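As structure tokens, the structure follows; a few thoughts come after it.
Everything quoted here is computed from the prediction, not taken from an experiment.
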Protein chains: 2
Amino acid sequence: MPVGAIPFPFGDCRICNDKATGVHYGVATCEGCKGFFRRSIPKGEKYKCFFGGQCVISPQNRNRCKACRFKKCLDTGMAIDGMIFQILHSKSC
Amino acid sequence: MPVGAIPFPFGDCRICNDKATGVHYGVATCEGCKGFFRRSIPKGEKYKCFFGGQCVISPQNRNRCKACRFKKCLDTGMAIDGMIFQILHSKSC
DNA sequence: AAAGTAGGTCACAAGGTCAG
DNA sequence: CTGACCTTGTGACCTACTTT
């Protein structure tokens with residue numbers, strides 16, 4: 001990083017309000033939410049909220065409820081392509 | 001760019017349908033497919049399609065499948081001098 | 001001169017890694 | 001599983017060069 005550079009020009013993570021490190025999967029997020037979203041793609045359906053589905057995601061509690069965290073990712077617009085998942089169901093050559 | 005100039009007189013990229021920026025390696029392509037083809041030449045053999053070898057290349061998903069993107073480059077006629085023919089005889093997908 | 005392309009550059013994001 | 005860090009490919013922009 002150059003001297004005098006602004007450390008976090010991307011503002012806050014749109015998911016948990018931590019510091020965003022860049023635009024990831026279409027949304028400014030921190031490294032944590034970026035990695036979480038990537039890992040969640042193949043298993044997102046299985047998440048379930050135990051607190052009523054209205055959890056407020058913060059840097060401190062973001063690992064408390066995967067369901068609400070992942071829901072916020074989707075609601076905010078994070079996406080890996082979109083059509084890829086249909087394609088994944090087809091066979092390779 | 002002069003005032004009144006047409007931004008993309010070359011039409012659409014023959015590979016991914018993004019906007020073409022000129023004729024590159026013999027084919028009207030965007031900057032992305034131009035750079036991808038240039039980088040691919042020394043390693044194109046190693047690409048492999050995991051989706052059946054029939055991927056439709058679009059600006060959004062063009063980085064999903066290097067094999068099909070590169071195959072389309074070759075099929076569409078992109079070439080760097082004469083080395084193209086050697087590559088065509090090797091495996092792809 | 002103008003027009004146009006090959007190849008270089010490098011900030012940026014995707015995906016991988018692995019200690020915790 | 002998490003997330004700070006790492007590696008690698010991408011593509012918008014740039015320069016150098018050719019052609020007319």
Side-chain angles (χ1 to χ4, degrees), chain A residues 1-2 4-44 46-48 57-67 69-70 73 77-82 84-85 88, chain B residues 1-44 46-48 50 57-70 73 77-84:
Chain A
M1 182 150 62
I6 304 169
F8 296 105
F10 299 101
D12 293 342
C13 174
R14 293 287 308 279
I15 309 303
C16 74
N17 287 319
D18 202 350
K19 293 301 176 188
T21 61
V23 174
H24 304 295
Y25 306 108
V27 176
T29 70
C30 64
E31 285 295 307
C33 290
K34 165 193 149 187
F36 171 77
F37 183 73
R38 186 177 64 233
R39 286 190 300 268
S40 293
I41 288 303
K43 57 188 172 184
K46 290 179 290 199
Y47 294 152
K48 184 175 187 309
I57 312 297
S58 74
Q60 289 73 37
N61 73 1
R62 64 190 176 200
N63 290 321
R64 279 275 150 199
C65 181
K66 297 177 197 294
R69 191 186 193 182
F70 188 56
C73 287
M78 293 181 80
I80 298 181
D81 291 351
I84 187 66
F85 307 112
L88 277 171
Chain B
M1 182 148 63
V3 175
I6 303 169
F8 295 105
F10 299 101
D12 293 342
C13 174
R14 292 287 307 280
I15 309 303
C16 73
N17 288 320
D18 202 350
K19 293 300 175 188
T21 60
V23 175
H24 304 295
Y25 307 108
V27 175
T29 69
C30 63
E31 285 295 305
C33 290
K34 165 193 150 187
F36 170 77
F37 184 72
R38 185 176 66 232
R39 286 189 301 270
S40 293
I41 288 303
K43 58 187 172 185
K46 290 179 292 204
Y47 294 152
K48 183 175 189 311
F50 300 100
I57 313 297
S58 73
Q60 289 72 36
N61 74 3
R62 63 190 175 201
N63 290 320
R64 276 282 142 198
C65 182
K66 297 176 197 296
C68 288
R69 191 185 192 181
F70 189 55
C73 287
M78 293 181 79
I80 296 182
D81 295 339
M83 60 196 326
I84 187 71

Establish, yes or no, whether the cationic atom of B/Arg62 lies under 6.0 Å from the six-membered ring centre of B/Phe36 and within 45° of the ring axis. no
Measure from CD1 on A/Ile57 to C1' on D/dG3 and round the result to the nearest Å. 16 Å
Protein-nucleotide distance (B/Met78, atom CE; C/dT5, atom P), rounded to Å: 12 Å
Ignoring the backbone of B/Arg62, work out which of D/dC1, D/dG3, D/dA12 is nearest its side chain. D/dA12
Let's see if you can work this out: which of C/dA13, D/dA12, D/dG3 has an atom nearest to the side-chain heavy atoms of A/Arg69? D/dG3
Counting only side-chain nitrogens and oxygens, does B/Asn63 get under 4.0 Å of the OP1 or OP2 atom of C/dA13? no
Determine whether A/Arg64 and A/Arg69 make a side-chain contact, defined as any pair of heavy atoms from C-beta on separated by less than 4.5 Å.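 With C-beta onward as the side chain, the pair stays apart.
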Would you say the side chain of A/Thr21 lies within less than 4.5 Å of the side chain of A/Lys34, judging by non-hydrogen atoms?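 No; the side chains remain at least 4.5 Å from each other.
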Touch check for A/Gly35, heavy atoms < 4.0 angstrom, all strands: base, sugar-phosphate only, or nothing? nothing
Taking only N/O atoms, report every protein-nucleotides 14-17 of chain C pair under 3.5 Å with atom names and distance.
| unit_1 | atom_1 | unit_2 | atom_2 | d |
| --- | --- | --- | --- | --- |
| C/dA14 | OP1 | A/Tyr25 | N | 3.2 |
| C/dA14 | OP2 | A/Tyr25 | N | 3.2 |
| C/dG15 | OP1 | B/Arg64 | NH1 | 3.4 |
| C/dG15 | OP1 | B/Arg64 | NH2 | 2.6 |
| C/dG15 | OP2 | A/Tyr25 | OH | 3.4 |
| C/dG15 | N7 | A/Arg38 | NH1 | 3.0 |
| C/dG15 | O6 | A/Lys34 | NZ | 2.7 |
| C/dG16 | N7 | A/Arg38 | NH2 | 3.1 |

May I have the step-by-step check of side chain to side chain contact (heavy atoms under 4.5 Å, CB included) for A/Cys16 and A/Cys30, ending in yes or no? CA-CA 8 Å; A/Cys16 74; A/Cys30 64; 3.8 Å; yes
Which residues pass the side chain to side chain donor-acceptor pair (under 3.5 Å) test with B/Asp12, sequence neighbours left out?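 Result, side chain to side chain donor-acceptor pair (under 3.5 Å) vs B/Asp12: B/Lys19.
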